[in-house]
Amino acid sequence: CLGHPDRPPSPVNVTVTQLKANSATVSWDVPEGDVVIGYAILQQRQDGQMQRFIREVNTTNRACVLWDLAEDADYIIQVQSIGLYGESQASKRVHFRTLKETDRLPSNSSNQGDITMEGLDKDRQLQTGEIIIIVAVLLMWAAVIALFCRQYDIIKDNDSNNNKEKTKPSSEHSTPERPSGGLLRSKKKSPSVNIIEVAPVWGCAWSQLPSHAC
């Protein structure tokens with residue numbers, strides 16, 4: 001199997017990035033035209049205290065995260081490609097050293113400064129947004145008050161017009177009362193005239209009888 005011609009070649013450009021105190025990321029390249037279905041990584045601590053073998057198939061990944069590493073420790077890794085007919089030879093040995101926990105403090109302090117600046121920017125954005133909202137609310141209230149005043153003026157004008165219309169008919173009805181009163185008074189005088197007209201019924205003429213007889 002070791003001499004099978006269809007075995008893939010060894011990975012190239014093996015590099016270690018994203019170094020931290022307890023983890024790191026290893027990546028590699030595979031020559032084009034070769035069928036690769038997985039990878040195998042040999043991870044070994046340089047002092048010989050720990051060794052780990054990572055194998056994954058049915059994947060096209062070209063990177064792997066190494067976890068649970070010791071801080072400030074030296075490691076050696078080698079990568080193999082897994083093909084349809086076996087594994088390739090191991091790549092060249094790559095050496096790396098994990099960071100200390102204290103080495104993360106400067107980066108964290110800078111990040112905290114960035115976070116502080118971002119927080120200030122967000123606060124400024126919030127203040128600007130609040131001002132815009134307050135202005136919009138004030139404008140809306142001003143528009144509502146103006147509309148209310150306009151409606152109040154319209155209602156007031158309508159009420160005044162209605163009052164004028166109500167006063168006009170009352171004056172019109174009051175003016176004819178005088179002639180009606182005159183008519184009633186004239187009607188009261190009519191009986192004396194009627195009595196004079198029916199005087200001939202009694203058999204005497206108006207010219208022949210004395211005034212006390214009629």
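Residue indices begin at 1 and follow the sequence shown.
- Remark: side-chain polar atoms of S91 are paired, donor with acceptor, to backbone N or O of V79 under 3.5 angstrom.
- Between A70 and T98, the shortest heavy-atom contact is O-OG1, 2.6 Å.
- Under a hydrophobic clustering in which Ile, Leu, Val, Met, Phe, Trp and Tyr are joined whenever their side-chain heavy atoms come within less than 4.5 Å, directly or via other members, Y85 and V57 fall into the same cluster.
- Counting heavy-atom neighbours within 6.0 Å of F148 CZ, excluding the residue itself, gives a total of 12 or less.
- To the nearest 0.5 Å, atoms CG (L42) and CD1 (I76) are separated by 9.5 Å.
- Side chain of R62 to main chain of T60: a donor-acceptor pair is present (N/O by atom type, distance under 3.5 Å, no hydrogens or angles).
- There is a side-chain donor-acceptor pair under 3.5 Å between S27 and T15.
- Q43 is listed as a side-chain neighbour of L69, based on a closest heavy-atom distance under 4.5 Å.
- Summarising the geometry of N61 relative to Y39, their closest heavy-atom pair is O-CD2, 3.9 Å, with the distance given to 0.1 Å.
- With values rounded to the nearest 0.5 angstrom, W67 atom CH2 is found 13.5 Å from N22 atom CG.
- No side-chain heavy atom of P9 sits under 4.5 Å from any side-chain heavy atom of S88.
- Rounding to the nearest 0.5 Å places CG of L66 at 5.5 Å from CZ of F96.
- Residues satisfying the side chain to side chain donor-acceptor pair (under 3.5 Å) test with E71, not counting sequence neighbours, are none.
- Rounding to the nearest 0.5 Å gives a distance of 5.0 Å between CD1 of I54 and CD1 of I41.
- Rounding to the nearest 0.5 Å gives a distance of 11.5 Å between SG of C149 and CD1 of I154.
- Each of V12 and I82 belongs to its own hydrophobic cluster when Ile, Leu, Val, Met, Phe, Trp and Tyr are linked at side-chain heavy-atom distances under 4.5 angstrom.
- Taking the charged nitrogens against the carboxylate oxygens, D74 and R45 have no contact shorter than 4.0 Å, which rules out a salt bridge.
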Problem - Residues V14, V26; criterion side chain to side chain contact (heavy atoms under 4.5 Å, CB included); working and verdict - result: CA-CA 7 Å; V14 179; V26 57; 3.9 Å; yes

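- Heavy-atom minimum distance, W28 versus P11: CD1-CB, 3.8 Å.
- If you chain together ILVMFWY residues whose side-chain heavy atoms come under 4.5 Å of each other, I134 ends up grouped with L138.
- Residues V36 and S81 share a closest heavy-atom pair of CG1-CB, 4.1 Å.
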Exercise for the section: Show the numbers, then the answer: is there a side chain to side chain contact (heavy atoms under 4.5 Å, CB included) between D68 and R52? Expected result: CA-CA 11 Å; D68 197 19; R52 178 182 293 164; 3.9 Å; yes

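- A90 and Q80 get closest at one heavy-atom pair: CA-CG, 3.6 Å.
- Side-chain polar atoms of Y75 and Q44 form no donor-acceptor pair below 3.5 angstrom.
- The two residues A24 and V16 make their nearest non-hydrogen contact at CB-CG1, 3.9 Å.
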